[in-house]
S.K.: 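Attaching a single structure in structure tokens format; questions to follow.
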Amino acid sequence: MDPQRTPLYEEHCKAQATLVDFAGWSLPIHYGSQLQEHHAVRNEAGVFDVSHMTVIDIKGDNVRSFLRYLLANDVAKLPLKKALYGCMLNESGGIIDDLIVYYLRESPAYYRMVVNAATREKDIVWIKKQAEPFNIDIEVCQDIAMIALQGPLALSKLASVLSPACMNAVSSLARFEACTEGHWFIARTGYTGEDGVEIILPEKEAPLLWQQLLNNGVKPCGLGARDTLRLEAGMHLYGSDMDENVTPLESGLGWTVSFEDSDRNFIGKAALLQQKAEGVKHRFVGLILAAKGVLRNHQRIVCANADDGEITSGSFSPTLQQAIAMARIPASVKESHCQVDMRGRLLPACIVKLPFVRKMKDNQSISSCDEAQVQPSSGVYK
Amino acid sequence: MSEIPADLKYTDSHEWVRDEGNGVCTVGITFHAQHLLGDLVFVELPDVKKALTAGEEAGVVESVKAASDVYSPVTGTITAINETLASTPELINEDPYIDGWLFKVKLEDEDELESLLNAEEYAEKITEED
């Protein structure tokens, strides 16, 4: 079957994008240089077509109770307009998908969920099945486009194309807040570690917004840059960093699971409590390669006095100019370094905390790999 | 710049070979190869004076997306490598046939170049792959 086209397909062709089939959608991997697109988002502003994402609106009086049961994170702590990131688990605690949920209206309650494209069908089936006892209205949004405008200049670029009314609403948004303005939904969220917005709008209006942003010097960016940006920002990719075979606790996502309200039951809770009681056997870390080369998914991690670990997402960090990765290693590993099996050669790497690149106001802090640390006198490394 | 210069020879594995005369040839990867790989970030080249057989692994080019082996198109001895690629691997993307060259080989048998693909044959090959 031919991949589906987003409402911005023609724009991508005009911009000479290299298109790939991603989760059944024809999407740009880059428009010439993935590295330049990455730097544009870190330093100025870039725009992504993320219309492949699945948007699900959930409305009704029981939605809050439903979402408190469906998700491992607790929407009860979510103020109006705010977004919450979390996981949807199966009974064993395995991750069906990660998602973001926005709380848009109090009464009758209205929440909007954005879930992954690759998991669209199974998510919808699962959500509808779990919702049966709750008598709520679930609508998968059709005929929409989603545009992510990201980077330190994102909001000022947006100001030059939005109507004053719309921009007023956007200016008042704090981080992780969302608003609706007519048929547009604008959230100050993203998947790059930068400031910016994600806009969901009617598909017919998407090409004009896209063109206006490009005319204002915003760089179109593809899935390639999206992946290196989210990896630097320590953000997970479903299907690579976690799936139904692992729990949030062994995926560096324990912070998205809320046990605070002991009266709240959620799907997977019993399994997670059991795993906690028995001890979580893996932890999720960042790696920086202390040698030349590029870390790749599924490479083996060799740790001192412990079982092997595995890279879940590896790539080259354009900001650090070094290979970085997210990896699952045995919880028992105490050392701050390890080795990576790169096509038969064991190369040294530093174990670091995520994220690799963090924006604090206007300052950027980046992780570093202390080379002295990974050259032990024992001569373990060549 | 032509994407498949007519004056070069090519391999099935997307290397190009330029006859420099006096039994030496220059090797790189084609425009098509660098386009498939995307932005290159790391290049591993053979040592100078290393003897290589045609088809033998000579080095690795790594892009953000993937690692790819580079094979020696001919049998001979490495006489030079492009050292500037260590700090500027993007030269391979920007100018694969001139500044982005990888290594030079002193041919064991100068006639070996005749056995490689010409531009037309290489163009046909990549059309078939698409």
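Note that these values count all heavy atoms, side chains included, but never hydrogens, waters or copies made by symmetry. In the text below, chain A, chain B and the rest are named by the order of the sequence lines, each starting its count at 1.
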S.K.: So does B/Glu20 have more than 12 non-hydrogen atoms from other groups sitting under 6.0 Å from CD?
M.R.: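 Atom CD in B/Glu20 is packed in, count exceeds 12.
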S.K.: Which is it for B/Val60 and A/Arg343 under the side-chain contact (heavy atoms from CB on, under 4.5 Å) test, yes or no, and what are the steps along the way?
M.R.: CA-CA 11 Å; B/Val60 181; A/Arg343 302 189 297 163; 3.1 Å; yes
S.K.: What closest approach, in Å, do B/Asp39 and A/Leu35 show between heavy atoms, and which atom pair accounts for it?
M.R.: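 Reported closest heavy-atom pair: OD2-N, 2.8 Å.
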S.K.: Name the option with the most non-hydrogen atom pairs under 4.5 Å to chain B; the candidates are A/Ser33, A/Gly32, A/Ser315.
M.R.: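 Top count of heavy-atom pairs under 4.5 Å with chain B: A/Ser33.
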S.K.: Are more than 12 heavy atoms from other residues, nucleotides or ligands located less than 6.0 Å from atom CD of A/Gln16?
M.R.: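 Open: at most 12 neighbouring heavy atoms sit under 6.0 Å from CD of A/Gln16.
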S.K.: Just do the side-chain contact (heavy atoms from CB on, under 4.5 Å) check on B/Glu90 and A/Gln36 with the steps written out, would you?
M.R.: CA-CA 11 Å; B/Glu90 63 270 22; A/Gln36 285 173 20; over 6 Å; no
S.K.: Can you tell me which of B/Gly38, B/Ala67, B/Ala86 forms the most heavy-atom pairs within a distance under 4.5 Å of chain A?
M.R.: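 Winner by heavy-atom pair count: B/Ala67.
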S.K.: Please check if atom CG in B/Asn22 has more than 12 non-hydrogen atoms from other residues, nucleotides or ligands closer than 6.0 Å.
M.R.: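 Yes - once you tally the heavy atoms of other residues, nucleotides and ligands closer than 6.0 Å, there are more than 12.
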S.K.: Less than 4.0 angstrom from a charged side-chain N to a carboxylate O is my criterion; do A/Asp227 and B/Lys65 meet it?
M.R.: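 Looking at B/Lys65 together with A/Asp227, the answer is no, because their closest N to O distance does not fall below 4.0 Å.
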S.K.: Evaluate the criterion side-chain contact (heavy atoms from CB on, under 4.5 Å) for residue pair B/Val41 and A/Gln321; output intermediate values, then yes/no.
M.R.: CA-CA 9 Å; B/Val41 291; A/Gln321 290 288 308; over 6 Å; no
S.K.: Walk me through whether A/Arg345 and B/Glu44 qualify under salt bridge (charged side-chain N to carboxylate O under 4.0 Å, His left out).
M.R.: CA-CA 14 Å; A/Arg345 280 196 297 174; B/Glu44 192 179 305; 3.0 Å; yes
S.K.: Looking at B/Ser63 and A/Val294, what are the two nearest heavy atoms and their distance?
M.R.: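 Residues B/Ser63 and A/Val294, closest heavy atoms: O-CG2, 4.2 Å.
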S.K.: Check each atom of A/Thr18 against the heavy atoms of chain B and say whether the ones under 4.5 Å are side chain, backbone, both or neither.
M.R.: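 Only the side chain of A/Thr18 comes within 4.5 Å of chain B.
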